[in-house]
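Below you'll find the structure, written out as structure tokens, and then a few comments.
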Amino acid sequence: MTSLIELQDYGDPRLDVFARLNETQLRHYYEPNGGLFIAESPKVAERALSAGIEPVAALVDRREAEGEARGILGKLGDIPVFTGGAEALRNLTNIPMTRGLLVCFTRPELKSVQEITEGCRRIAVLENVTNPTNVGAIFRSAAALGMDAVLLNKACSDPFYRRASRVAMGTTFQVPWTYADNDHYIDYIKELGFRTAAMALRRDTVSIRDPKLKALEKLAIVLGAEGDGLSDETIDSCDYTIKIPMSHGVDSLNVAACSAVAFWELSSVT
């Protein structure tokens, strides 16, 4: 197992990534050549490692070093791994650590939209989804319910943010994703051969149970921001507008819940 460094000097610069840099600063750490992100919990770290992402440093609760995190520590290689009691780690990071492990990784280079959608039949497209918990939950549903890739516009929360990847249970390292940096990304997705379906609260909608949707060879399911939903421009650009039937006077679902329903119903997986 990797040799552990007892946490003594909180000012050790190797601890900056856990104690003194916020997620935006980590993201731009090596700018213009990429950055860092923090994976929280053994499960998330395991999936990042399995994806071939390079670890930089780790912080582990002393109790977990001989428990759930033990297997991961043996795979981290020659990086500094700090350990201490739960209270010391909380004082350092100012967060309650899930499963007692944080691992700092280098950010992998993202592929292009064309690269990650090649061969895909079903993709999710997120517009202005700014809540990292919702982004993480959508990724987990995408992985479980048959989405081949996820595209996000630049206003979305970063899927590699600690809370997003934790809620996603590390599926952000399994489902291919990238940013659609073109303002007219719906048109570009169509050029790649996808029909597009906007999840929106409009009357001129197609039933989510319409068999022609599931029969489509290539479909992009487009989901919008919490509260405001998709922009009118995006809805008008899509081939279909889909509304999930509601009862008991409920007018809408949280975007993460909506994604799970849509992915399940429209997946090409049988």
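Remember, predicted model here, so these are calculated numbers, not experimental data.
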Query raised in the report: Closest heavy-atom contact between Ala149 and Val175?
Result: CA-CG1, 4.0 Å
Report task. Take Thr171 and Arg47, measure what side chain to side chain donor-acceptor pair (under 3.5 Å) needs, and give me the verdict at the end. Result -> CA-CA 7 Å; Thr171 53; Arg47 286 182 166 163; 5.7 Å; no
**Report entry** All ring pair (Phe, Tyr, Trp, His ring centres under 6.0 Å) counterparts of Tyr179, not counting sequence neighbours
**Finding:** Trp177
Query - Sidechain-backbone polar pair: Thr178 side chain, Lys111 backbone, donor-acceptor under 3.5 Å - result: yes
Requested in this report: Look at the side chain of Thr83 and the backbone N and O of Val60, then say whether any donor-acceptor pair between them is shorter than 3.5 Å.
Outcome: yes
Query - Aromatic ring proximity, centroids under 6.0 angstrom, Phe105 and Phe173 - result: no
Query - Ion pair check, Glu265 and Arg209, cut-off under 4.0 Å - result: no
Query - Validation row: Val222, Ile235 side chains within 4.5 angstrom (heavy atoms) - result: no
Report task. Give a yes or no on whether Tyr185 and Ile123 share a hydrophobic cluster (residues Ile, Leu, Val, Met, Phe, Trp, Tyr; joining criterion: side-chain heavy atoms under 4.5 Å apart). Result -> yes
Query - Lys/Arg N to Asp/Glu carboxylate O, Asp148 vs Arg121, below 4.0 Å - result: no
Query - Residues, nucleotides or ligands: over 12 heavy atoms within 6.0 Å of Gln25 CD - result: yes
Report summary line: Interatomic distance, CG@Asp236 vs CD1@Ile186, rounded to 0.5 Å, equals 11.5 Å
Report task. May I ask you to test the Leu15-Leu92 pair for a side-chain heavy-atom distance under 4.5 Å? Result -> yes
Query - Residues Lys75 and Glu46 bridged, charged N to O under 4.0 Å - result: yes
Query raised in the report: Can you list the steps and then say if Gln174 with Phe139 is a side-chain contact (heavy atoms from CB on, under 4.5 Å)?
Result: CA-CA 9 Å; Gln174 296 178 306; Phe139 265 86; over 6 Å; no
Query - Main-chain N/O of Ser112 paired with Glu115 side-chain donor or acceptor, under 3.5 Å - result: yes
**Report entry** Between Ser237 and Thr234: side-chain donor-acceptor atoms closer than 3.5 Å
**Finding:** no
Query - Minimum-distance pair of heavy atoms, taken over all atoms of Pro42 and Ala69 - result: CG-CA, 4.0 Å
Query raised in the report: When you look at NZ of Lys190, are more than 12 heavy atoms from neighbouring residues, nucleotides or ligands closer to it than 6.0 Å?
Result: yes
**Report entry** Nearest-0.5 Å distance, CD1 of residue Ile221 to CG of residue Leu151
**Finding:** 12.0 Å
Requested in this report: Check whether any side-chain heavy atom of Cys156 sits under 4.5 Å from a side-chain heavy atom of Asn128, and report yes or no.
Outcome: no
Query raised in the report: Are Asp9 and Phe82 close enough that some pair of their side-chain heavy atoms sits under 4.5 Å apart?
Result: no
Report task. Tell me whether Leu126 is reachable from Ile116 by hopping between hydrophobic residues (I, L, V, M, F, W, Y) whose side-chain heavy atoms are closer than 4.5 Å. Result -> no
Query - Which atom of Phe263 lies closest to which atom of Ala124, heavy atoms considered - result: CZ-CB, 3.6 Å
Query raised in the report: Under 4.5 Å between side-chain heavy atoms, hopping through other hydrophobics if needed: is there a path connecting Ile208 to Trp264?
Result: yes
Query raised in the report: Has Asn94 got more than 12 heavy atoms of other residues, nucleotides or ligands less than 6.0 Å from its CG?
Result: no
Requested in this report: Find out if a path of hydrophobic residues (ILVMFWY) with successive side-chain heavy-atom gaps under 4.5 Å connects Val44 to Leu49.
Outcome: yes
Query raised in the report: Do Ile189 and Thr196 come within less than 4.5 Å of each other through their side chains, counting heavy atoms only?
Result: yes
Requested in this report: Count the heavy atoms belonging to other residues, nucleotides or ligands that lie under 6.0 Å from CD of Gln114, then report whether that count exceeds 12.
Outcome: no
Query raised in the report: Would you call Phe37 and Leu26 a side-chain contact if the rule is heavy atoms closer than 4.5 Å?
Result: no
Report task. Locate the shortest heavy-atom distance separating Asn134 from Ala256; write the atom from each residue and the value. Result -> OD1-CB, 3.8 Å
Query raised in the report: Got Ile5 and Val81 here, is their nearest side-chain heavy-atom distance under 4.5 Å?
Result: no
Report summary line: The reported gap from CG in Leu213 to OG in Ser207 (rounded to nearest 0.5 angstrom) is 8.0 Å
**Report entry** Approximate separation, where rounding is to 0.5 Å, of Ile79 CD1 and Cys104 SG
**Finding:** 8.5 Å
Report task. List the steps and the verdict of salt bridge (charged side-chain N to carboxylate O under 4.0 Å, His left out) for Asp158 and Arg107. Result -> CA-CA 11 Å; Asp158 184 355; Arg107 295 180 67 91; 2.8 Å; yes
Query raised in the report: Do Glu127 side-chain atoms and Ala225 backbone N/O form a donor-acceptor pair below 3.5 Å?
Result: no
Report task. Take Phe194 and Thr117, measure what side-chain contact (heavy atoms from CB on, under 4.5 Å) needs, and give me the verdict at the end. Result -> CA-CA 10 Å; Phe194 289 89; Thr117 58; 4.0 Å; yes
Query - Val135 side chain near Arg163 side chain, heavy-atom distance below 4.5 Å - result: no
Query raised in the report: Quick one: CG on Leu101 to CZ on Arg70, what's the gap to the nearest 0.5 Å?
Result: 14.0 Å
Query - Check: Tyr10 side chain, Ala88 main-chain N or O, donor-acceptor pair, under 3.5 Å - result: yes
**Report entry** Basic-acidic side-chain contact under 4.0 Å: Glu6, Arg62
**Finding:** yes
Query raised in the report: Does Val255 belong to the same Ile/Leu/Val/Met/Phe/Trp/Tyr cluster as Leu152, with side-chain heavy atoms less than 4.5 Å apart forming each link?
Result: yes
**Report entry** Closest heavy-atom pair and its distance - Leu102, Arg162
**Finding:** CD2-CD, 4.3 Å
**Report entry** N/O donor-acceptor pair under 3.5 Å between Arg122 side chain and Leu266 backbone
**Finding:** yes
Requested in this report: Taking all heavy atoms of Ala137 and all of Val167, pick out the closest pair and write down the distance.
Outcome: N-CG1, 3.6 Å
Query raised in the report: How many angstroms lie between atom CZ of Arg166 and atom CZ of Arg140, to the nearest 0.5 angstrom?
Result: 11.5 Å
Query raised in the report: Backbone N or O of Ser267 within a donor-acceptor pair of the Lys214 side chain at under 3.5 Å?
Result: yes
